[in-house]
Enquirer: 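Following this message is one structure expressed as structure tokens.
Sequence positions, counted from 1, serve as the residue numbers for this chain. Note that these values count all heavy atoms, side chains included, but never hydrogens, waters or copies made by symmetry.
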Amino acid sequence: MASIPDFEIAETGISKDNSAEAEQFKIRVDEIFQKVDELEQKVNEVEQFNLNSSKKQQSSSKGSSMGKERDKGRQVPSIKKQQQDASRREAAAAKRMQELMRQFGTIITQHKWAWPFMQPVDVKGLGLHDYYEIIEKPMDFSTIKNQMEAKDGTGYKNVRDICADVRLVFNNAMKYNDEGSDVHLMAKTLLEKFEEKWQLLLPKVTEEERRRDEEEAEAQLDMQLVREAAHAKVVRDLCNELYEVDTHLEHLRETVVQKCRKMSTEEKRNLGTAIARLSMEDLNKALEIIAQSNPAFQAMAEEVEIDIDAQSESTLWRLKFFVKDALELQSRSAMSTGGNNNYNNKRKKEICDAIAKTAKKKSKKTSS
């Protein structure tokens, strides 16, 4: 993005008669700064989304290539369609689960020995004072039935939970009652018969769980695709906004440059000196500014000769704006040295020598 020109009326040479116009420029710059802050927040959101997506892709990298190929051609559903599909899936799954529970209910209640376990143990009536010390979680078939028929969302979510409670009924009875007692024998016998019938029902339960897992995975994929589509739109909009801000800045910068007076010889000499103080990175950017208005200028050539006097006024003022900002930034933060420091210093010295050499030639021509 183009750098925002930080200009002062006296520095740029805009006359005091145009101070009101300069003030308008400053207002426009403030508006751009506000817009940039908003865009920066959006960029942070995009980066966070990309980071989260990257983590999810890494965690799901074990998925088959066939599944990935299938996902590529998958159409992105709308949020409304997703909600409708989710409602249909949940209704169908609930209906299938209710049927399994109905079948399970017959397993529980049909046997003639089930009667001792149909209601909660009458602890007080039977004088079982130590019952709650031995049995941590009482359970009975009527409680299981109520849970199966609950409509308020507090009921069982799957058949395995029912199975666990049925086992708990019989295990509680065997735990509290002596091994030779009738209740212990009835509980043990019913538990064995229950396990036999459970094994017959288990394939249906497993198939239903597999189906629900697949549907849940499909729903998650659809949701991810919707999020990615929304994210892609945010990125496109962000790119457009960045382009608009960049265009606005470029127009504003050119307008400011056009309002500037002609740079004096001393100012040009000071500019050349200031350029020599730039870091290697900023120095390359300064060369790029020169190249923008002079296509023949080879900014990356091994030998660079810069003639400050030959530059257009707009290029000179653009350089002045850039150099001023760059040097202020340099003064606020210490430059870090890297592995290419020797090369950078050599390159910088060559360019600075070229500026000085050109300035010396101009000085000799003037004196002669």
Enquirer: What distance separates Leu191 CG from Met186 CE, expressed to the nearest 0.5 Å?
Expert: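 If I round to the nearest 0.5 Å, the distance is 13.5 Å.
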Enquirer: Do the charged groups of Glu214 and Arg210 touch, with an N to O distance under 4.0 Å?
Expert: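 Salt bridge present between Glu214 and Arg210.
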Enquirer: Do the rings of Phe194 and Trp198 sit parallel, tilted or perpendicular, given the 30° and 60° boundaries?
Expert: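 Parallel: the ring planes of Phe194 and Trp198 meet at under 30°.
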Enquirer: Quick check: Phe170 with Phe141 (ring centres under 6.0 Å apart)?
Expert: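 Yes, ring centres under 6.0 Å apart.
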Enquirer: Identify the heavy atoms of Ile308 and Leu316 that sit nearest to each other, and give their distance.
Expert: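 Closest approach of Ile308 to Leu316, heavy atoms only: O-CD2, 3.6 Å.
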Enquirer: Can you get from Leu128 to Met139 by hopping between Ile, Leu, Val, Met, Phe, Trp and Tyr side chains that sit under 4.5 Å apart?
Expert: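 Not linked; separate clusters.
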Enquirer: Salt bridge check: are Arg160 and Glu209 linked by an N-O gap of less than 4.0 Å?
Expert: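 Yes, Arg160 and Glu209 are salt-bridged.
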Enquirer: Hydrophobic clustering (ILVMFWY, side-chain heavy atoms < 4.5 Å, transitive) - are Val183 and Val166 grouped together?
Expert: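 Both belong to a single hydrophobic cluster.
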Enquirer: When you check the gap from the basic side-chain N to the acidic O, do Arg211 and Glu207 get nearer than 4.0 Å?
Expert: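 Answer for the salt bridge query: no.
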Enquirer: So, Gln292 versus Glu288: side-chain donor-acceptor pair below 3.5 Å or not?
Expert: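 Distance-only check fails for Gln292 and Glu288.
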Enquirer: Any side-chain donor-acceptor pair under 3.5 Å between Thr143 and Asp140?
Expert: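 The criterion, which ignores hydrogens and geometry beyond distance, is satisfied for Asp140 and Thr143.
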Enquirer: Sub-3.5 Å donor-acceptor pair from the side chain of Asn172 to the main-chain atoms of Lys137, do we have one?
Expert: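 At least one qualifying donor-acceptor pair exists.
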Enquirer: Using modelled atom types and a 3.5 Å cut-off, is there a donor and acceptor pairing between side-chain atoms of Asn158 and backbone atoms of Asp161?
Expert: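 Yes, because the side chain of Asn158 sits within donor-acceptor range (under 3.5 Å) of the backbone of Asp161.
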Enquirer: Taking atom types as modelled, is there a side-chain donor on Arg277 or Gln330 under 3.5 Å from an acceptor on the other?
Expert: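 The criterion, which ignores hydrogens and geometry beyond distance, is not satisfied for Gln330 and Arg277.
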